[in-house]
Amino acid sequence: MKKHELNAPEGAEFSFDRGDVFSDKCPSREILRHVTGRWGMLVFFALQDGEAKRFSELRRTIKGVSEKMLAQTLQQLEGDGFVKRIVYPVVPPHVEYQLTPLGIEFGQRVMNLIGWLEDNLSTILDQRQLA
């Protein structure tokens with residue numbers, strides 16, 4: 001496993017082999033925010049079939065997301081290595097998005113979580129009414 005070194009906020013260096021999401025110095029927190037945010041999860045879900053999709057298709061699939069938020073989410077997930085941006089050299093520009101192998105692996109976990117949520121939605125809604 002590759003060892004990573006980062007500068008801590010107060011200037012001291014630290015290194016790690018595995019993330020520690022409880023540490024305020026660990027970059028896993030920022031990545032966690034990208035992948036578990038409402039739009040990040042839905043991008044994984046929309047791309048889970050392995051097919052490359054255009055921005056407009058993703059926007060139609062993920063109802064309620066603004067252009068700005070979808071673009072920002074895709075940029076973050078691309079920066080983290082989960083999404084691949086494919087640019088075709090045509091006029092007008094043609095861009096598609098697809099999960100990388102890392103994105104596919106994480107996407108399976110997202111699918112399990114969303115599946116569990118949808119399977120248990122009635123129970124969760126019943127609990128809300130009791131609260």
Side-chain angles (χ1 to χ4, degrees):
M1 181 174 276
K2 188 174 179 182
K3 187 167 266 265
H4 295 276
E5 293 186 13
L6 297 172
N7 289 322
E10 58 275 352
E13 297 231 347
F14 75 100
S15 63
F16 59 92
D17 290 322
R18 184 176 191 280
D20 177 6
V21 76
F22 288 115
S23 170
D24 62 347
K25 298 174 184 94
C26 187
S28 63
R29 281 193 184 181
E30 182 180 3
I31 297 166
L32 184 66
R33 186 174 48 84
H34 296 165
V35 299
T36 61
R38 169 178 33 175
W39 306 123
M41 295 286 265
L42 293 174
V43 165
F44 279 104
F45 193 46
L47 292 173
Q48 59 85 26
D49 64 2
E51 299 294 320
K53 293 188 174 52
R54 294 187 77 162
F55 184 91
S56 59
E57 185 179 356
L58 287 170
R59 184 134 186 259
R60 279 192 306 272
T61 301
I62 305 171
K63 293 170 183 55
V65 67
S66 69
E67 253 183 65
K68 178 183 175 183
M69 286 309 301
L70 181 55
Q72 182 179 328
T73 300
L74 288 166
Q75 286 174 345
Q76 290 169 340
L77 295 178
E78 180 185 9
D80 293 335
F82 293 113
V83 170
K84 174 173 53 174
R85 184 175 186 261
I86 307 160
V87 181
Y88 297 94
V90 295
V91 177
H94 182 101
V95 179
E96 293 180 339
Y97 298 89
Q98 187 173 34
L99 291 178
T100 63
L102 188 64
I104 291 168
E105 183 179 345
F106 187 80
Q108 290 300 317
R109 287 162 171 77
V110 170
M111 292 295 299
N112 290 336
L113 179 61
I114 290 172
W116 181 91
L117 177 65
E118 290 183 345
D119 288 345
N120 291 281
L121 187 58
S122 291
T123 303
I124 295 166
L125 293 175
D126 288 346
Q127 292 301 310
R128 275 186 172 182
Q129 289 179 352
L130 295 176

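Bear in mind the structure is a predicted one, so any value in this text is a computation, not a measurement.
Here the CD-CD1 distance, from E118 to I124, works out to 10.5 Å after rounding to the nearest 0.5 Å. For the atom pair OG (S28) and CZ (R33), the distance works out to 12.0 Å, reported to the nearest 0.5 Å. Between the CE atom of M41 and the CG atom of L113 there is a distance of 4.5 Å, given to the nearest 0.5 Å. Separation of atoms CD (E51) and CD (Q98) is listed at 7.5 Å; rounding is to 0.5 Å. Rounding to the nearest 0.5 Å gives a distance of 9.0 Å between CD of E105 and CZ of F82. Separation of atoms CG (L117) and CG (N112) is listed at 12.5 Å; rounding is to 0.5 Å.
For D126, there are no salt bridge (Lys or Arg N to Asp or Glu O under 4.0 Å) partners, not counting sequence neighbours. The salt bridge (Lys or Arg N to Asp or Glu O under 4.0 Å) check on K84 picks up nothing, with sequence neighbours excluded.
Between T100 and V83 there is no side-chain heavy-atom pair separated by less than 4.5 Å. Between L125 and R128 there is a side-chain heavy-atom pair separated by less than 4.5 Å. Residues T61 and F45 are not in side-chain contact: their nearest non-hydrogen atoms beyond the backbone lie 4.5 Å or more apart. In this structure, the side chains of L58 and F55 stay at 4.5 Å or more apart for every pair of heavy atoms.
V35 and V21 fall into different hydrophobic clusters, where Ile, Leu, Val, Met, Phe, Trp and Tyr side chains are chained together by heavy-atom contacts under 4.5 Å. L32 and W39 are not part of a single hydrophobic cluster, where members link through side-chain heavy atoms under 4.5 Å apart.
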Do any side-chain atoms of residues 63-80 form donor-acceptor pairs under 3.5 angstrom with protein atoms, and if so which ones, sequence neighbours left out?
residue : atom : partner : partner atom : Å
K63     : NZ   : R60     : O            : 3.4
S66     : OG   : M69     : N            : 3.1
T73     : OG1  : M69     : O            : 2.7
D80     : OD2  : H34     : ND1          : 2.5

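A donor-acceptor pair under 3.5 Å is absent between the side-chain atoms of R54 and the main chain of E96, judged by distance alone.
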